[in-house]
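Let me begin by presenting the structure, written as structure tokens, before commenting on it.
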Amino acid sequence: MFVMSEIEHTLRLPPHLLNLPLNVAIKGELESLFLDKVIDKLGLCVSVYDILSIDGGFIFPGDGASTYTARFRLVMFRPYVGEVISARLKESTKNGLRLSLGFFGDIYVLVPLMPNPYHTEPDPEHKNGIKWVWEYMGENYPIDWTDEIRFRVHSVSYPPIPIEQGIDSEQNDSEEKDLRQKDLKPFAPMVITGSLDADGLGPTAWWV
């Protein structure tokens with residue numbers, strides 16, 4: 001689930017940080033650049049583990065900051081396909097489930113990857129919510145909001161950053177713009193698709 005990635009990056013060190021030890025100043029700048037950010041194909045950065053080398057210190061004409069090239073290691077969240085992870089329920093809709101690990105919440109279990117057979121029921125505690133219920137040997141096993149849910153990683157994807165499409169001249173009205181913004185979903189640079197359709201997966205309470 002967590003892996004180490006070695007990266008080299010060139011960065012500017014503002015003059016007000018030069019009173020700090022160089023390693024401390026560089027690490028602080030690296031954390032502001034990479035912490036909680038997704039790096040394409042590498043995963044989500046959760047920590048700057050260590051700094052392997054620092055070179056440079058050049059000050060370019062017209063720039064008061066020093067420029068360094070640092071080689072360092074990051075701790076990345078990058079689960080592999082087939083890995084089994086425990087999460088909590090974040091959303092339950094007709095399209096499936098959305099799960100969260102606390103620090104990462106773009107985990108989706110789509111309908112084809114739900115445990116079979118199943119049926120759905122309205123969730124009275126959540127507006128427009130759906131409760132998924134697994135049917136097994138004449139018994140019903142619901143997926144509740146309090147459950148710890150074990151899923152298997154089906155795929156990990158890094159969607160391209162969307163390019164906003166041109167807006168029709170008729171849509172330039174501010175009210176229509178606001179409605180359009182409400183329909184847009186927040187962009188997720190890393191998406192995990194999970195599966196519950198196997199023995200031992202789903203709410204841990206099912207298997208006690």
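Being a predicted model, the structure only gives us computed values, none of them experimental.
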Query raised in the report: Lys131 pairs by salt bridge (Lys or Arg N to Asp or Glu O under 4.0 Å) with which of Asp123, Asp144, Asp147?
Result: Asp144
Query raised in the report: Going from CD1 on Ile85 to CZ on Arg150, what distance comes out if it is rounded to the nearest 0.5 angstrom?
Result: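 The CD1 atom of Ile85 sits 12.0 Å away from the CZ atom of Arg150.
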Report task. Nearest 0.5 Å please: distance from the CD1 atom of Ile149 over to the CD1 atom of Ile143. Result ->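 Between Ile149 CD1 and Ile143 CD1, I get 5.5 Å after rounding to 0.5 Å.
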Query raised in the report: Taking a hydrophobic cluster as the set of Ile, Leu, Val, Met, Phe, Trp and Tyr residues connected by side-chain heavy atoms closer than 4.5 Å, whether directly or through intermediates, do Met1 and Ile39 fall within one such cluster?
Result: no
Would you say [X] has more than 12 foreign heavy atoms packed within less than 6.0 Å of its [atom1]?
X	atom1	result
Tyr49	OH	no
Arg78	CZ	yes
Glu6	CD	yes

Exam field: side chain [X] to backbone [Y], donor-acceptor pair closer than 3.5 Å:
X	Y	value
Trp206	Gly200	no
Ser157	Pro159	no
Trp132	Thr93	yes
Glu29	Leu13	no

Query raised in the report: When the ring planes of Tyr136 and Trp134 are compared, do they come out parallel, tilted or perpendicular, using 30° and 60° as the limits?
Result: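 Ring orientation of Tyr136 relative to Trp134: parallel.
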Result block: side-chain N/O donor-acceptor pairs under 3.5 angstrom for residues 98-117, not counting sequence neighbours:
from: Arg98; atom 1: NE; to: Gly105; atom 2: O; distance (Å): 2.8
from: Arg98; atom 1: NE; to: Tyr108; atom 2: OH; distance (Å): 3.4
from: Arg98; atom 1: NH1; to: Glu91; atom 2: OE2; distance (Å): 3.4
from: Arg98; atom 1: NH2; to: Gly105; atom 2: O; distance (Å): 3.4
from: Arg98; atom 1: NH2; to: Asp106; atom 2: OD1; distance (Å): 2.9
from: Ser100; atom 1: OG; to: Gly102; atom 2: N; distance (Å): 3.0

Requested in this report: Give every residue pair that meets the salt bridge (Lys or Arg N to Asp or Glu O under 4.0 Å) criterion with at least one member in residues 31-60, sequence neighbours excluded.
Outcome: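 Passing the test, one end in residues 31-60: Asp50-Arg73.
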